[in-house]
2 protein chains.
Amino acid sequence: MSAVNLTKNQTLVLDVLTKSEAPLSAYTILDKLRDHGFRAPLQVYRALEKLLEFGLVHRLESLNSFVACAHREHSCCSHGTVAFAICESCGQVSEFHDHVVDDQLNAWTRGKGFKPSKTTIEIRGLCAACNS
Amino acid sequence: MSAVNLTKNQTLVLDVLTKSEAPLSAYTILDKLRDHGFRAPLQVYRALEKLLEFGLVHRLESLNSFVACAHREHSCCSHGTVAFAICESCGQVSEFHDHVVDDQLNAWTRGKGFKPSKTTIEIRGLCAACNS
DNA sequence: CAATTCATGTAATAACATTACGTGATGTAT
DNA sequence: ATACATCACGTAATGTTATTACATGAATTG
Ligand SMILES: [Zn+2]
Ligand SMILES: [Zn+2]
Ligand SMILES: [Zn+2]
Ligand SMILES: [Zn+2]
């Protein structure tokens, strides 16, 4: 199991992200936590840094935003690369793993002698609901 | 052939990107073009916007930077999603297409009723040269 | 010749992220 | 127990990336 011991700030940030329907920017998180004593961006960025490290949160590069991991039970980051489908209308994000994609990208990097450290896959578009 | 008629500013920006070994941020481009009369970020962002539209340039989301398209002959964007392998040591970027990845992601989105508009695939790591 | 469109220029501001410095709590080795 | 290292935290300042608002001149079109 994961069961990392989170600090107060980390817990607050993770809670805000977990409760949110859509990804949040660091500054939005900051605003949501002003009542809990947050005053400066760094408080958020420091918590996010750890949460990313623990695999409890993902960063969406194409949005400069953050989401709680949707697969916490499985220790998400262990089963390879994660992909995100991001609805540009309602903001909803679906997180998924795909082994074929994963294997194929790994094959490419092996072939080139490229040593991957982190892979970003983000699909922007319209979700089924917004796309009727 | 593509042969879009570029404006002066678009040509300048594309030239800078084409000559560069590594991706450049908008502000770096701005600095490189001061001698050619560029004074403000917007001059760069406006040119980039068009160049992205024409498929002559790509944006690297994980770097907030831009690269000239490596496949200009083939009208790059026509053959599906592009992926990038980005060396975190030397900055070199390899652009490639992979139909299996492409098809697999399309299968996922079709299955979910998600209508994709733009897909980002970026692999950060170390290139063969930096990874000896 | 209007009227519209489009590339451009400039200034100001907004949004995102990091550096630098300092404090108190905790843990560990002598 | 004292010295030392580590870590979470707080605050201020600054750096980096991107957009909004407003104005001008050139090209296009009816
Ligand atoms: Zn996850
Ligand atoms: Zn939606
Ligand atoms: Zn390309
Ligand atoms: Zn390299």
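Protein chains get the first letters and strands the later ones, always in sequence-line order, with residue 1 at the start of each.
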List the atom of [X], the atom of [Y], and the distance in Å for their closest heavy-atom pair.
{"X": "B/Tyr27", "Y": "B/Pro41", "value": "OH-CG, 3.3 Å"}
{"X": "A/His58", "Y": "A/Val82", "value": "CE1-CG2, 4.1 Å"}
{"X": "B/Gly91", "Y": "B/Ala22", "value": "O-CB, 3.7 Å"}

Between [atom2] on [N] and [atom1] on [X], what's the gap in Å once rounded to a whole number?
{"X": "B/Asn5", "N": "C/dC6", "atom1": "CG", "atom2": "C1'", "result": "14 Å"}
{"X": "A/Asn64", "N": "C/dT18", "atom1": "CG", "atom2": "C1'", "result": "14 Å"}
{"X": "A/Leu48", "N": "C/dT18", "atom1": "CG", "atom2": "P", "result": "11 Å"}
{"X": "B/Leu60", "N": "D/dT17", "atom1": "CG", "atom2": "C1'", "result": "15 Å"}
{"X": "A/Glu61", "N": "C/dC16", "atom1": "CD", "atom2": "C1'", "result": "12 Å"}
{"X": "B/Leu6", "N": "C/dC6", "atom1": "CG", "atom2": "C1'", "result": "15 Å"}
{"X": "B/Lys8", "N": "C/dC6", "atom1": "NZ", "atom2": "C1'", "result": "16 Å"}

Subject >> Side-chain heavy atoms of B/Leu105 within contact of B/Thr109, under 4.5 Å >> reply: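 Heavy-atom side-chain distance check fails, nothing below 4.5 Å.
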**OP:** For residues A/Val101 and A/Thr81, determine if any side-chain heavy atom of one lies less than 4.5 Å from a side-chain heavy atom of the other.
**Re:**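 Answer no - side chains too far apart.
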Original post:
Does A/Lys118 NZ have over 12 foreign heavy atoms under 6.0 Å away?
Top reply: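 Above 12, so yes.
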**OP:** Specify the residues of residues 29-46 of chain B, ordered by number, for which at least one heavy atom lies under 4.0 angstrom from an atom of DNA chain C.
**Re:**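 Output list: B/Arg39, B/Ala40, B/Leu42, B/Gln43, B/Arg46.
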Subject >> Terminal axis angle for the helix from C/dC1-D/dG30 to C/dT30-D/dA1, five pairs an end, nearest 10 degrees >> reply: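 Comparing the first five pairs with the last five, the axes sit 30° apart.
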Subject >> Distance-only donor-acceptor test (3.5 Å): side chain A/Tyr27, base C/dA17 >> reply: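 Answer yes: a donor N or O sits under 3.5 Å from an acceptor.
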Original post:
So, the side chain of B/Gln104 versus the backbone of A/Val100: is there a donor-acceptor pair under 3.5 Å, distance only?
Top reply: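 Not at all, since once roles are kept as given, no pair shorter than 3.5 Å links the two residues.
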Original post:
Can you name the side-chain contact (heavy atoms from CB on, under 4.5 Å) partners of A/Lys112, sequence neighbours left out?
Top reply: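 Only A/Trp108, A/Phe114 meet the side-chain contact (heavy atoms from CB on, under 4.5 Å) criterion with A/Lys112.
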Subject >> Presence of A/Ser25 side-chain N/O under 4.0 Å of C/dC16 phosphate oxygens OP1/OP2 >> reply: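 For A/Ser25, the contact criterion (side-chain N or O under 4.0 Å from OP1 or OP2 of C/dC16) is met.
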Original post:
Within less than 4.0 Å of OP1 or OP2 of D/dA8, is there a side-chain N or O belonging to A/Asn9?
Top reply: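 Answer no for this pair, as no side-chain N or O of A/Asn9 is under 4.0 Å from OP1 or OP2.
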Original post:
Are the charged groups of A/Arg59 and A/Glu61 less than 4.0 angstrom apart, N to O?
Top reply: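 Salt bridge flag = yes for A/Glu61 with A/Arg59.
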